[in-house]
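Take a look at the structure set out below.
Hydrogens, waters and symmetry mates play no part in the numbers below; they use all other heavy atoms, side chains included. Just so it is clear, the model here is predicted, and its values are computed rather than measured.
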Amino acid sequence: QVRLEESGGGSVQPGSSLRLSCVGSGFSVSYKIMTWHRQAPDEPRGWLATCAPGGATFYSDSAKGRFTVSRDVHKNTLLLQMDSLKPEDTAVYYCQSIDSTTWGQGTWVTVSS
C-alpha cells in the first residue's frame, strides 16, 4: 500500500528557510518521478517541483531560484528545501508520486511577520 507522510512545516518569518520531508512507504522513492504541490487557502492545489529518478529537477516559476527538491534514498524520503520564504508561500504542502493518486495529509507552512 502506497503511503506518503509530509512533515517539516511550521510558522516562520519572511526570509526564513524550511526543509520539508516526505517519507514514502510501500514503494521506493528512488525509482519514481516525485512531485511537490501546495494549496493555499481558497486556492486550487498547484504543482511546485518535480524530481526524476535520474536526478533531473523541474520547478514552477514560483519555486524557481528559492526551492530545491532532492531525495534521501537511504530514508526513502523526498525533500524540499525552501529559502527566502515569502507570505505568499503560506499553504499546505503535499508530495506525490506521479503514477499514483495517493496524497499524504500535507504539512502546513505559514509565513508571516
Side-chain angles (χ1 to χ4, degrees):
Q1 182 182 0
V2 172
R3 291 188 63 190
L4 297 161
E5 184 172 355
E6 301 91 344
S7 64
S11 183
V12 297
Q13 294 187 338
S16 299
S17 297
L18 281 174
R19 191 176 78 160
L20 306 185
S21 297
C22 167
V23 179
S25 57
F27 73 105
S28 175
V29 167
S30 300
Y31 299 118
K32 298 291 186 180
I33 299 173
M34 299 295 298
T35 58
W36 281 102
H37 306 255
R38 70 183 180 187
Q39 186 169 16
D42 299 323
E43 296 286 337
R45 193 171 300 183
W47 170 74
L48 267 184
T50 297
C51 186
T57 56
F58 306 91
Y59 299 95
S60 68
D61 287 344
S62 59
K64 202 172 298 181
R66 297 188 299 126
F67 295 1
T68 305
V69 61
S70 61
R71 64 184 92 207
D72 183 335
V73 298
H74 300 293
K75 297 181 179 179
N76 205 38
T77 298
L78 183 71
L79 303 169
L80 185 67
Q81 176 68 37
M82 305 190 298
D83 299 317
S84 302
L85 284 163
K86 304 174 182 180
E88 50 264 44
D89 295 318
T90 295
V92 183
Y93 286 70
Y94 302 89
C95 67
Q96 190 187 40
S97 171
I98 199 169
D99 61 354
S100 172
T101 57
T102 299
W103 294 98
Q105 83 290 347
T107 186
W108 258 109
V109 172
T110 301
V111 185
S112 173
S113 56

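Within the 4.5 Å cutoff, side-chain heavy atoms of Pro53 are placed close to those of Ile33. You'll find the side chain of Tyr93 stays beyond 4.5 Å of the side chain of Cys22, heavy atoms only. Taking the side chain as every heavy atom from C-beta outward, Ser112 and Ser11 never approach each other to under 4.5 Å. Between Lys75 and Val23 the shortest side-chain heavy-atom distance does not fall below 4.5 Å.
Ser60 is linked by a side-chain contact (heavy atoms from CB on, under 4.5 Å) to Trp47, Leu48, Ser62, Ala63, counting only residues two or more places apart in sequence or in another chain. Every residue meeting the side-chain contact (heavy atoms from CB on, under 4.5 Å) condition with Ser25, not counting sequence neighbours, appears here in chain and number order: Arg3. Looking at residues two or more places apart in sequence or on another chain, you find a side-chain contact (heavy atoms from CB on, under 4.5 Å) between Arg45 and His37, Gln39, Tyr94, Trp103.
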List the steps and the verdict of side chain to side chain contact (heavy atoms under 4.5 Å, CB included) for Val12 and Leu18. CA-CA 8 Å; Val12 297; Leu18 281 174; 3.9 Å; yes
Before giving the answer on side chain to side chain contact (heavy atoms under 4.5 Å, CB included), spell out for Leu78 and Val69 the whole-Å C-alpha distance, their side-chain angles and the decisive distance to 0.1 Å. CA-CA 7 Å; Leu78 183 71; Val69 61; 3.8 Å; yes
Under the side chain to side chain contact (heavy atoms under 4.5 Å, CB included) rule, what do Glu5 and Gln105 come out as? Steps first, then yes or no, please. CA-CA 7 Å; Glu5 184 172 355; Gln105 83 290 347; 4.1 Å; yes
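Annotation: the span from Leu80 atom CG to Cys95 atom SG amounts to 10.0 Å, rounded to 0.5 Å. Taken to the nearest 0.5 Å, the CZ atom of Arg38 stands 14.0 Å off from the OG1 atom of Thr107. Between atom CE of residue Met34 and atom CG of residue Leu79 there is a gap of 10.5 Å, rounded to the nearest 0.5 Å. One distance of note links OH of Tyr59 with OG1 of Thr68; it measures 4.5 Å at 0.5 Å rounding. Remark: Gln96 CD to Thr101 OG1 distance equals 7.0 Å, nearest 0.5 Å. Atoms CZ and OG, on Arg71 and Ser21 in that order, are 14.0 Å from each other to the nearest 0.5 Å.
Looking only at distances, no side-chain donor or acceptor of Asp83 sits under 3.5 Å from a matching main-chain atom of Gly65. Looking at Thr102, its side chain never comes within 3.5 Å of a backbone N or O of Ser100 through a donor-acceptor pair.
Contact record, Ser84 with Arg66: O-NH1, 3.0 Å, taken as the closest heavy-atom pair. The minimum heavy-atom distance between Ser113 and Pro14, with the atom names listed, is N-CD, 3.7 Å.
No path of Ile, Leu, Val, Met, Phe, Trp and Tyr side chains, each step under 4.5 Å between heavy atoms, connects Val111 with Val92, placing them in separate hydrophobic clusters. By the rule that hydrophobic residues join a cluster once side-chain heavy atoms approach within less than 4.5 Å of another member, Leu20 and Phe67 end up as members of one cluster. Val2 and Val29 end up in the same hydrophobic cluster when Ile, Leu, Val, Met, Phe, Trp and Tyr side chains are linked at under 4.5 Å.
By the 4.0 Å N-to-carboxylate-O rule, Asp89 lies too far from Lys86 to be salt-bridged with it.
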